[in-house]
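Quick notes on the structure that follows.
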Amino acid sequence: MKLILKFFCLLLFVFTFHFSFSQEKPSDLVNPLIGTAPLTDPAIIGYTPPQDWRVWAGLTFPGSALPNAMVQLSPITKWGSGAGYEYEDTAILGFAHTNKGHWNLCNLPVLPISTDATAPFQSSFSHAKENASPGYYDVYLEGYKVAVKLTSTLRTGIHEYKFDNPKGRRILFGLGKANNDVSDWEIEMVDGKSVSGFQRVGRDKVHFYATLNHEVSELTLEKKGEKDGYAILLLSDDNAGAVIMKIGLSYVSITNAKENLERESIDATFEEVQMAAVLEWNTLLSKISVKSNSHRDKEMFYTSLYRTFLWPALRSDVNGEFTDETGNTQRQDFKYYTIPSLWDTYRNKLVLLSILSPEVTGDVISSLISRAENTGFVPTFFHGDHGAPFIAGSYKRGIRNFDVRKAYTYLLNNAYNSEGPRALVDEYIEKGFISDPDVANPHVETKAQAGVSKTLEYAYDDYSLAILADTLDDQENYEDLMRRSQNYKNVFDPSVNFMRGRLANGDWITPFDPEYPYYEYMYREANAWQVSFYAPHDMPGLVKLYGGDDKFEAKLDEFFTKPWNPNHIARNISTFIGQYCQGNQPDHEAPFAYYYVGKPEKSQVILDKIMTELYGIGPEGLALSGMDDAGEMSSWFVAAAVGLYPMSPADADYLVTVPLFDEVTWKVDNGNDLVIVNPNRGRNLQEIKVNGEAINGYYVDHDLFRRGGKIEVVTD
């Protein structure tokens, strides 16, 4: 392994030498602290948050990680928070080894502490003595007088601690803590410099094996195995040098955790691991290069691209073993990953994954199939059934390292079987819509069926599955699913020109306030305005529902200008342009809707406002306008910034918009470059040329990524 890391370091030197004379390295433009600061300005939020509310913005973590890795080694400042780290906090509680930015994980926290430290353990710190970059994090713990550096491999975390006082040095293993309740934990000495154990949270049992370069004099346990319990390693005073601790993780066994550690980092120095991480990130991020004089735009772009590739997370060990859905150990010919955040990320992020990391994409889909082999169904995430557009779109983009017919069989079961993950699918099949109950005085948190959102999303999922059926020559299911894809029309009320909830008998729900946001009554985390432009598979049909181009355009104009009612407060819905909400994903397609009435310049005004005013905001420039949701907010920015938006991710084509940059170059695995240029540097789209020839319409096909080419955006 050390020879491999030495080779990586040599490659990194060559890579760095090249970039030092040509352009900035992409990793230098990534700021992992973006998304950690709060939204506090009511003028940006759209309302005045209640006291002690932290609006759900960003929720990102600043620590070390590799693309789609098992380990995300990051500081914790508040348990139970979105990513464990909130920029406004002043104390660090530990450094945890897993993260998603979504109120879970944050497993295996450790913290170097001084000899006189007592519970509750935490240390003050200053952002002036804190740095974060891809594959690296450092901070000085003021309270304990310890300089901390962190880096990581796919499955191991590497810690370096320099104590101002080398006497009485201790390391806290806060194994009773994670972002969800810990049910059990263990730790024991293996030898004088190694410990091992596990932490159980829900169905996850995270095993670890840790080695140190110092002798451990004593292991003390407090409340062994209990919530809030912890263990403390007392280090020998014999060696006053830097403490290096390496921790291997496994979701299978301690034996595998040890093997992960030995194979990935046991012989490597901290600097070698860090340099290998930088190389890996630069290799990935440099697949898209951009030209611009704006440092801010480039920083936001590469930070967003970086965030796009942090989730889903690896769960296979170096020996190929993983723990499956039933808790059994398997070994397969693919790497096993967590379920993607499908409700959020099918729109953009998983499309980017399929373009830039095709092998990982196929393994993620194989992981979904593996789960389906145990349950009968492809898993969904939170809402909708968006494994269908993910799998169908990936296949159409050329991903072949998975069993597509097996995936298709399970997706059909999702679409037709009431015992599967599509809630209320029987009513959907029977009536063509999903109803909601008649609720007196509904409010933001009313628990119901989110019937409008489900109907709209299932209709798109049906279209996506129909595309796959057609590709696989299943004409019968293709025709039925395409018919079902028109069900979105069944929740459109022409008397009010909104997507509107229906009762079980088909009546429209009354009273009806299209501005009021609901969590799951009629709509999912949205109001009527925010879902009423969602038919990504049939935008011409949606335009007709509204009465044609002029009426659709007028409706969009009102959507983007009608002020948000500041009395309508929902924690997960914030940051508005009119009624449009960039802070949550249900309407993220809407800014592109003007294209379908021939007014791309109106879309561009909205897109530019979002990209320049709603990302990297707040006093420190570190806030996002909404929760990143495992990379969805970030990947939206990437797609809008490069000027290629996958309006229907199940289809292998892209809506061309005006890129944020003068030039964008995609370097894909086949060696062909796709270049997008805006030679006039205008913002109003007039014409699109592909390889010098003007095209009809606004779409380009994914085949350009295979054969390379040039897209010229003609603007004024």
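These values consider heavy atoms only, across backbone and side chains, with no hydrogens, waters or symmetry-generated copies. By convention here, the first residue in the shown sequence is residue 1.
Aromatic rings of Tyr516 and His568 (six-membered ring for Trp) have centroids within the 6.0 Å cut-off, being under it. For Tyr521 and Tyr519, the distance between ring centers is not under 6.0 angstrom. Here Tyr595 and Tyr698 bring their ring centres to under 6.0 angstrom of each other. Aromatic ring centres of Tyr546 and Phe533 lie closer together than 6.0 Å. You'll find the ring centres of Trp56 and Trp103 inside the 6.0 Å limit. Taking the six-membered ring for Trp and the full ring otherwise, Tyr534 and Tyr488 have centroids separated by 6.0 Å or more. Taking the six-membered ring where the residue is Trp, the centroids of Phe498 and Trp529 are separated by under 6.0 Å.
For the pair Arg307 and Phe61, the cation-pi test (distance below 6.0 Å, angle within 45°) is passed. The cationic atom of Arg422 (NZ for Lys, CZ for Arg) lies less than 6.0 Å from the six-membered ring centre of Tyr458 and within 45° of the ring axis. For the pair Arg502 and Phe492, the cation does not sit on the ring face, since its NZ or CZ is not both under 6.0 Å from the ring centre and inside 45° of the axis.
Asn414 and Asp385 share a donor-acceptor pair across their side chains, judged by distance under 3.5 Å alone. When only modelled atom types and interatomic distance are considered, Asp651 and Tyr699 share no side-chain donor-acceptor pair under 3.5 Å. With 3.5 Å as the limit, one finds a donor-acceptor pair spanning the side chains of Gln582 and Tyr580. With 3.5 Å as the limit, one finds a donor-acceptor pair spanning the side chains of His386 and Asp461. Using a 3.5 Å distance cut-off with no hydrogens or angles, the side chains of Asn413 and Tyr408 do not pair a donor with an acceptor. Using modelled atom types, one finds a donor on one side chain and an acceptor on the other under 3.5 Å when comparing Asp344 with Gln585. Side chain to side chain, Glu515 and Asn565 fail the donor-acceptor criterion of an N or O pair below 3.5 Å.
Partner Ile45 forms a side-chain contact (heavy atoms from CB on, under 4.5 Å) with one of Pro566, Ser625, Ser574 and no other, that one being Ser574.
The aromatic rings of Phe576 and Tyr47 sit tilted, their planes meeting at an angle between 30° and 60°. The aromatic rings of His383 and Trp343 lie perpendicular to each other, with more than 60° between the two planes, well past the 30° mark.
Of the possible polar contacts, one joining the Trp636 side chain to the His588 backbone as a donor-acceptor pair under 3.5 Å is found. At distances below 3.5 Å, at least one donor-acceptor pair connects side-chain atoms of Gln72 with backbone N or O atoms of Asn99.
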